[in-house]
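Here's the structure we're looking at; comments come further down.
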Amino acid sequence: MPIAPVTRLLAVTPASIDTAAQTLSDGGLVAFPTETVYGLGADAANAIAIARLYAAKGRPAFNPLIVHVTDADAARLLGHFDVAAQRLAAKFWPGPLTLVLEKSAHCPVAELATAGLQTIALRVPDHPVARSLLAAFGRPIVAPSANRSGHVSPTLAPHVMADLNGRIDVVLDGGPTMVGVESSIVACLGSPPRLLRPGGLTRAAIEQVLRVPLAENTATTDGEPDPQAPIAPGMLTSHYAPRTPVRLGATSVEPGEVLLAFGPHRPVGAENAARTLNLSPDGDLIEAAANLFAHLRALDGSGATAIAVMPLPTTGLGEAINDRLRRAAADDKRLAP
Ligand code: TXA
Ligand code: MG
């Protein structure tokens with residue numbers, strides 16, 4: 001693969017799926033849609049390809065990757081499933097749930113992908129393009145979100161091109177992703193399981209299957225992550241960062257600001273907003289999650305002094321949406337790589 005690849009943006013056809021699978025076999029990098037966000041895929045067994053992937057994203061190498069597989073049987077070759085993990089996989093795979101498990105003894109995934117940890121993050125995506133690509137490639141694919149490190153996750157192929165054109169080989173354009181926020185990450189390494197990252201599957205849905213409350217992710221998620229600590233190290237405060245300052249809980253709009261609205265009501269001074277985008281005029285959290293990253297990107301590009309964000313409910317998918325918004329608003333974000 002050349003140092004600066006020409007990035008091919010391909011419509012999804014049987015031929016482009018084959019091209020993408022062959023690119024992965026050759027050690028190349030392929031961005032593809034999942035139901036949550038676009039992922040940047042590499043052969044999970046190829047350490048050179050994974051090193052290129054970290055370089056393309058500008059991602060700190062200590063940050064381990066999620067391994068994507070076709071089904072639970074394929075996952076069982078890579079990680080140890082306790083009873084809770086079996087239950088969650090049976091109920092929610094394929095779907096927006098990542099399980100962090102003890103790595104199996106003969107796990108063929110490159111050490112670089114798991115950042116030297118004894119654990120592995122596994123996910124079975126529920127998107128026809130992701131599933132076709134996994135089937136055509138026939139082996140596990142590592143895939144972080146297909147954005148430059150520190151940027152918001154892509155929910156459209158043009159977002160991927162904006163961040164990674166000239167740095168990766170292929171982008172499969174499967175249109176907008178359905179869920180819009182990343183998978184929920186649950187560590188099944190002891191009892192009770194721990195929610196490492198709120199995401200596209202709600203806490204309530206997970207707890208209903210487990211019949212016990214999830215343990216909290218108590219370790220610090222800002223500053224230097226300890227890769228041995230039971231946290232998702234990618235959850236740096238600055239992870240989801242537009243360049244424009246983000247002002248949360250806005251009940252009014254100041255001159256010079258743009259507005260990220262939610263629901264049917266307009267805040268005081270809404271007429272001041274140079275631009276307004278509404279996550280969901282009806283106040284629907286599913287629709288809001290699907291629009292979140294695309295709206296943040298669009299408002300970030302409008303040259304405003306700040307993005308004023310109206311308050312959103314914290315229940316259901318609101319937990320993941322508010323988590324991503326807090327990270328987008330974090331003070332240290334412009335220091336992010
Ligand atoms: O929805 C998603 O999960 C998307 C799509 C593409 O599948 N992927 C995604 O990957 O969000 P990424 O790399 O942006 O986030 C993966 C998260 C990071 O926070 C990482 O630290 C955590 O998973 N992670 C991976 N392996 C881990 C492990 N063994 N223990 C704890 N956290 C882990
Ligand atoms: Mg990411």
Side-chain angles (χ1 to χ4, degrees), residues 30-42 44 50 53-54 57-69 78-80 93-103 107 109 111-127 129-131 133-134 140-155 159-160 163-164 172 174 177-189 193-201 217 219 221 225-241 289 293 320 323-324 327 336-337:
V30 174
F32 61 95
T34 79
E35 77 279 29
T36 57
V37 299
Y38 274 73
L40 178 57
I50 295 164
L53 189 156
Y54 283 121
K57 275 190 63 99
R59 157 171 265 193
F62 52 69
N63 208 348
L65 304 174
I66 297 174
V67 180
H68 297 65
V69 291
L78 308 179
H80 170 74
W93 279 356
L97 171 70
T98 294
L99 295 176
V100 171
L101 308 177
E102 208 177 291
K103 210 189 320 190
C107 178
V109 170
E111 284 283 329
L112 187 56
T114 51
L117 300 175
Q118 297 309 306
T119 56
I120 187 165
L122 298 169
R123 156 159 148 75
V124 178
D126 185 16
H127 188 289
V129 177
R131 296 181 69 72
L133 182 62
L134 280 163
I141 298 174
V142 287
S145 50
N147 51 279
R148 292 291 291 273
S149 190
H151 292 191
V152 296
S153 293
T155 56
H159 297 162
V160 179
D163 268 22
L164 297 174
L172 288 172
T177 61
M178 298 89 98
V179 176
V181 291
E182 301 86 345
S183 60
S184 302
I185 305 183
V186 174
C188 295
L189 300 169
R194 187 174 296 270
L195 184 63
L196 300 186
R197 175 174 78 180
L201 184 64
N217 192 13
T221 53
D226 171 1
Q228 298 302 331
I231 65 165
M235 297 308 285
L236 301 177
T237 310
S238 61
H239 200 65
Y240 299 89
F293 291 135
D323 172 85
R324 304 306 188 270
R327 290 170 202 286

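We count ligands from 1, going down the list as the structure has it; atoms in each ligand are counted the same way. Excluded from the calculations below are hydrogen atoms, water molecules and symmetry mates; all remaining heavy atoms, backbone and side chain alike, are included.
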Discussion item. Below 3.5 Å, N or O to N or O, backbone or side chain included: is there any such pair between Y38 and ligand 1?
Written reply: no
Discussion item. As a check for students: among I66, T34, V100, identify the option with a heavy atom nearest to atom 16 (C) of ligand 1.
Written reply: I66
Worksheet item: Is the Mg ion (ligand 2) under 2.8 Å from any N, O or S atom of S145?
Response: yes
Discussion item. R197 versus ligand 1: do any nitrogen or oxygen atoms come within less than 3.5 Å of each other?
Written reply: yes
Worksheet entry | Structural part of S145 in contact with ligand 1, heavy atom criterion under 4.0 angstrom | both
Practice prompt. Return yes when T114 approaches ligand 1 closer than 4.0 angstrom through a heavy atom, no otherwise.
Written response: no
Item to complete: Report the part of T36 in contact with ligand 1, treating N, CA, C, O as backbone and CB onward as side chain, heavy atoms under 4.0 Å; options are side chain, backbone, both, neither.
Response: side chain
Worksheet item: Is there a donor-acceptor pair under 3.5 Å between the side chain of R123 and the backbone N or O of G95?
Response: yes
Discussion item. Looking only at side-chain N and O atoms, does T36 offer a donor or acceptor that is under 3.5 Å from a partner on S183?
Written reply: no
Worksheet item: With atoms numbered from 1 as shown, which atoms in ligand 1 lie under 4.0 angstrom from a non-hydrogen atom of N63?
Response: 20 (C), 21 (O)
Discussion item. Hydrogens and angles aside, do E182 and S153 bring a side-chain donor and acceptor to less than 3.5 Å of each other?
Written reply: yes
Discussion item. On a heavy-atom basis, I'd like to know which of G180, P64, G79, S149 is closest to atom 27 (C) of ligand 1.
Written reply: P64
Practice prompt. Would you please test L112 and Y54 for side-chain contact (heavy atoms from CB on, under 4.5 Å) and show each step?
Written response: CA-CA 10 Å; L112 187 56; Y54 283 121; 3.5 Å; yes
Worksheet entry | Donor-acceptor contact present, side-chain Y38 to main-chain H159, <3.5 Å | no
Item to complete: Check whether any side-chain N or O of E102 sits under 3.5 Å from a backbone N or O of H80 as a donor-acceptor pair, and report yes or no.
Response: no
Discussion item. Heavy-atom contact check, 4.0 Å cutoff: does P125 meet ligand 1?
Written reply: no
